There are 2 protein chains.
Amino acid sequence: MRTSAEENYLKAIFSLAEQSGKGASTTAIAAHLRTKASSVTDMVKRLNEKGLVDHRPYYGVSLTDTGTQVATLIVRKHRLWETFLVNHLNYRWDEVHDLAEQLEHIDSDELHDRLDKFMDHPKFDPHGDPIPDREGRMVDMAGAQPLSEVAKDTLVHIVGVKDSSPAFLKLLDGLGLKLGTQLTVNRRFEYDNSVEVSSRFRSGLLLNEQVSLNLTVKAL
Amino acid sequence: MRTSAEENYLKAIFSLAEQSGKGASTTAIAAHLRTKASSVTDMVKRLNEKGLVDHRPYYGVSLTDTGTQVATLIVRKHRLWETFLVNHLNYRWDEVHDLAEQLEHIDSDELHDRLDKFMDHPKFDPHGDPIPDREGRMVDMAGAQPLSEVAKDTLVHIVGVKDSSPAFLKLLDGLGLKLGTQLTVNRRFEYDNSVEVSSRFRSGLLLNEQVSLNLTVKAL
DNA sequence: GATTATTTTTAGACCAGTCTAATTTATGAT
DNA sequence: ATCATAAATTAGACTGGTCTAAAAATAATC
Ligand SMILES: [Mn+2]
Ligand SMILES: [Mn+2]
Ligand SMILES: [Mn+2]
Ligand SMILES: [Mn+2]
């Protein structure tokens with residue numbers, strides 16, 4: 001039996017490892033979960049005893065194989081619920097995260113398989129993130145890169161967001177940018193690493209570095 | 001902020017009061033929640049301090065007005081989820097209770113209003129129980145009575161079950177009895193209070209007292 | 001009315017999870 | 001190599017929730 005606190009920690013360690021490639025630090029986990037470092041140390045100790053993480057004190061934490069498996073299935077549930085909320089209950093993509101944060105802890109594989117089937121096995125969630133299947137497999141995002149790294153005059157389309165905070169998503173809505181939107185980088189400015197892009201509907205749209213780093217695109 | 005343990009206690013007190021008409025006893029609550037009497041006393045003390053229940057030590061517990069309001073909204077969530085699971089995810093009516101027991105604790109009025117709208121404002125859950133609306137109002141079940149009390153030769157139809165345990169529901173499935181099924185009581189046997197009923201599909205079906213007490217019907 | 005039996009509450013312990021404050025370890029700078 | 005800083009751990013306390021065992025109050029029986 002796993003508790004939702006444990007599950008939140010596993011998911012945090014999972015996503016920090018995914019980003020950095022390395023093990024997660026105590027402070028990084030604490031920041032991610034808005035908790036204190038001492039609480040993290042305690043929980044990591046428990047997760048270690050349950051065989052879900054490896055921990056070298058004063059170095060870092062990483063998921064074991066079973067830990068990774070568990071975390072992946074929680075991510076699956078999170079993304080399935082987000083997809084359901086947007087596609088069937090008419091939520092916007094900037095509204096669903098916190099709700100999915102609760103719903104992901106519902107303890108029933110059967111329910112989530114049925115939800116998956118009900119939605120016809122979606123491959124991506126509303127933020128472009130791949131939805132793992134029952135066995136934890138998900139489509140790999142090869143070819144996806146941040147807009148900030150795209151060469152001039154290459155036609156790309158938006159396939160995801162690295163930051164899915166409501167604030168960022170609302171900004172994108174305001175600019176008319178969403179998943180699938182086709183873009184070309186017209187100019188790049190060395191001064192502040194801003195880029196000027198054009199879409200079908202807007203041309204000469206200037207995006208600062210913070211935005212272009214967090215927009216994931218793919219060549220067409 | 002309310003915890004799911006608190007919510008389960010409130011719901012238990014609510015449904016015990018609904019059945020008996022009086023306040024709930026410590027042991028009744030403990031039995032209902034499969035916990036110990038001492039745990040109940042502790043929790044009741046906390047709920048009392050929060051203004052959700054009235055408690056006269058050694059007598060009984062009853063919900064305050066706000067307690068009733070809270071409990072009703074949890075019941076609403078429970079029944080909305082059960083309805084969703086049966087109507088949209090193809091669960092059977094005997095499978096959904098435990099899942100709803102988890103889902104009812106999701107903290108979002110907005111979500112449940114949307115779920116309600118998605119399903120076109122259902123008035124009853126899969127067991128025939130009325131679904132409270134956002135304000136806690138529900139259709140009253142006037143005219144409903146246990147099959148055990150129905151006079152001979154009266155045409156009735158099944159509108160609910162008093163016991164919604166999987167075992168009972170499976171028995172009903174096995175006998176071809178479901179919500180809406182029309183029945184007439186042909187004979188009543190004093191010996192063991194069993195009744196013989198006929199439906200469109202079966203005649204001479206003998207039901208024992210335990211069954212007839214738990215089948216809620218309404219005259220047509 | 002006194003005695004049992006039952007119900008309820010209290011006392012005391014435990015676990016999960018969190019926090020603050022103090023301590024230890026590792027790291028970076030001089 | 002020493003010292004200062006930052007990061008991580010430990011110590012100790014607290015809350016919510018649960019349990020067992022013991023005590024107190026009520027209800028039932030004679
Ligand atoms: Mn969560
Ligand atoms: Mn997402
Ligand atoms: Mn519940
Ligand atoms: Mn029900």
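Quick note on labels: first sequence line is chain A, next is B, and so on, each numbered from 1. This one's a predicted model, so the numbers in the text were calculated from it and none came from an experiment.
- Atom C1' of nucleotide C/dT18 and atom CD1 of A/I29 are separated by 16 Å, given to the nearest angstrom.
- C/dT8 atom P lies 16 Å from atom CG of B/N48, rounded to whole Å.
- Helix bend of the helix from C/dG1-D/dC30 to C/dT30-D/dA1: the angle between its two end axes, each built from five pairs, comes to 10° after rounding to 10°.
- In this structure, B/W81 and B/H112 have perpendicular ring planes: the angle between them is above 60°, well past the 30° mark.
- Evaluation of the ring pair (Phe, Tyr, Trp, His ring centres under 6.0 Å) rule for B/H32 yields no partner, not counting sequence neighbours.
- Contact annotation: A/K45 reaches the phosphate of D/dT10 (side-chain N/O to OP1 or OP2, under 4.0 Å).
- No hydrogens or angles considered: a donor-acceptor pair under 3.5 Å links the side chains of A/W93 and A/D173.
- Using a 4.0 Å cut-off between charged side-chain N and carboxylate O, A/E6 and A/K50 make a salt bridge.
- Note: CG (B/L47) to P (C/dT9) measures 13 Å, nearest angstrom.
- Taking a 4.0 Å limit (strictly below) on heavy-atom distances, residues 2-27 of chain B reaches DNA chain C at B/S25, B/T26, B/T27.
- Of the residues in residues 52-60 of chain A, those with a non-hydrogen atom less than 4.0 angstrom from any atom of DNA chain C are A/Y58, A/Y59.
- Listed nucleotides: C/dT10, C/dT9, C/dT18. Nearest to the side chain of A/M43: C/dT18.
- At least one side-chain nitrogen or oxygen of A/T41 sits closer than 4.0 Å to the OP1 or OP2 atom of D/dT9.
- The aromatic ring centres of B/F84 and B/Y91 sit 6.0 Å or more apart.
- Judged by distance alone with a 3.5 Å cut-off, a donor-acceptor contact links the side chain of B/S38 to the base of D/dT20.
- For the pair B/D42 CG and D/dT15 C1', the interatomic distance rounds to 13 Å; values are reported in whole Å.
- Ion pairing between B/R134 and B/D109 fails under the 4.0 Å rule for side-chain N and carboxylate O.
- For the pair B/K50 NZ and D/dT15 C1', the interatomic distance rounds to 11 Å; values are reported in whole Å.
- For C/dC19, one of the phosphate oxygens OP1 or OP2 lies less than 4.0 angstrom from a side-chain nitrogen or oxygen of A/S39.
- Side-chain polar atoms of A/H121 and A/D116 form a donor-acceptor pair below 3.5 angstrom.
- Considering only heavy atoms from C-beta on, A/L183 comes within 4.5 Å of A/L177 through its side chain.
- As rounded to whole Å, 8 Å separates atom C1' of D/dC19 from atom NZ of B/K36.
- The side chain to side chain contact (heavy atoms under 4.5 Å, CB included) search around A/N87 returns A/T83, not counting sequence neighbours.
- By the 4.5 Å heavy-atom criterion applied to side chains, B/L10 and B/L47 are counted as neighbours.
- No side-chain heavy atom of B/L213 sits less than 4.5 Å from a side-chain heavy atom of B/N193.
- Not one side-chain nitrogen or oxygen of B/R46 sits closer than 4.0 Å to the OP1 or OP2 atom of D/dG16.
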May I have the list of side-chain donor-acceptor pairs in residues 98-106 of chain A shorter than 3.5 Å, sequence neighbours left out?
{"residue": "A/E101", "atom": "OE1", "partner": "A/K11", "partner atom": "NZ", "Å": "3.2"}
{"residue": "A/E101", "atom": "OE1", "partner": "A/H97", "partner atom": "NE2", "Å": "3.1"}
{"residue": "A/E101", "atom": "OE2", "partner": "A/K11", "partner atom": "NZ", "Å": "2.9"}
{"residue": "A/Q102", "atom": "OE1", "partner": "B/D107", "partner atom": "N", "Å": "2.7"}
{"residue": "A/Q102", "atom": "NE2", "partner": "B/D107", "partner atom": "O", "Å": "3.3"}
{"residue": "A/E104", "atom": "OE1", "partner": "A/K11", "partner atom": "NZ", "Å": "3.0"}
{"residue": "A/E104", "atom": "OE1", "partner": "A/H78", "partner atom": "ND1", "Å": "2.8"}
{"residue": "A/E104", "atom": "OE2", "partner": "A/K11", "partner atom": "NZ", "Å": "3.2"}
{"residue": "A/H105", "atom": "ND1", "partner": "A/E7", "partner atom": "OE1", "Å": "2.7"}
{"residue": "A/H105", "atom": "NE2", "partner": "A/N8", "partner atom": "OD1", "Å": "2.9"}
{"residue": "A/H105", "atom": "NE2", "partner": "A/E101", "partner atom": "O", "Å": "3.0"}

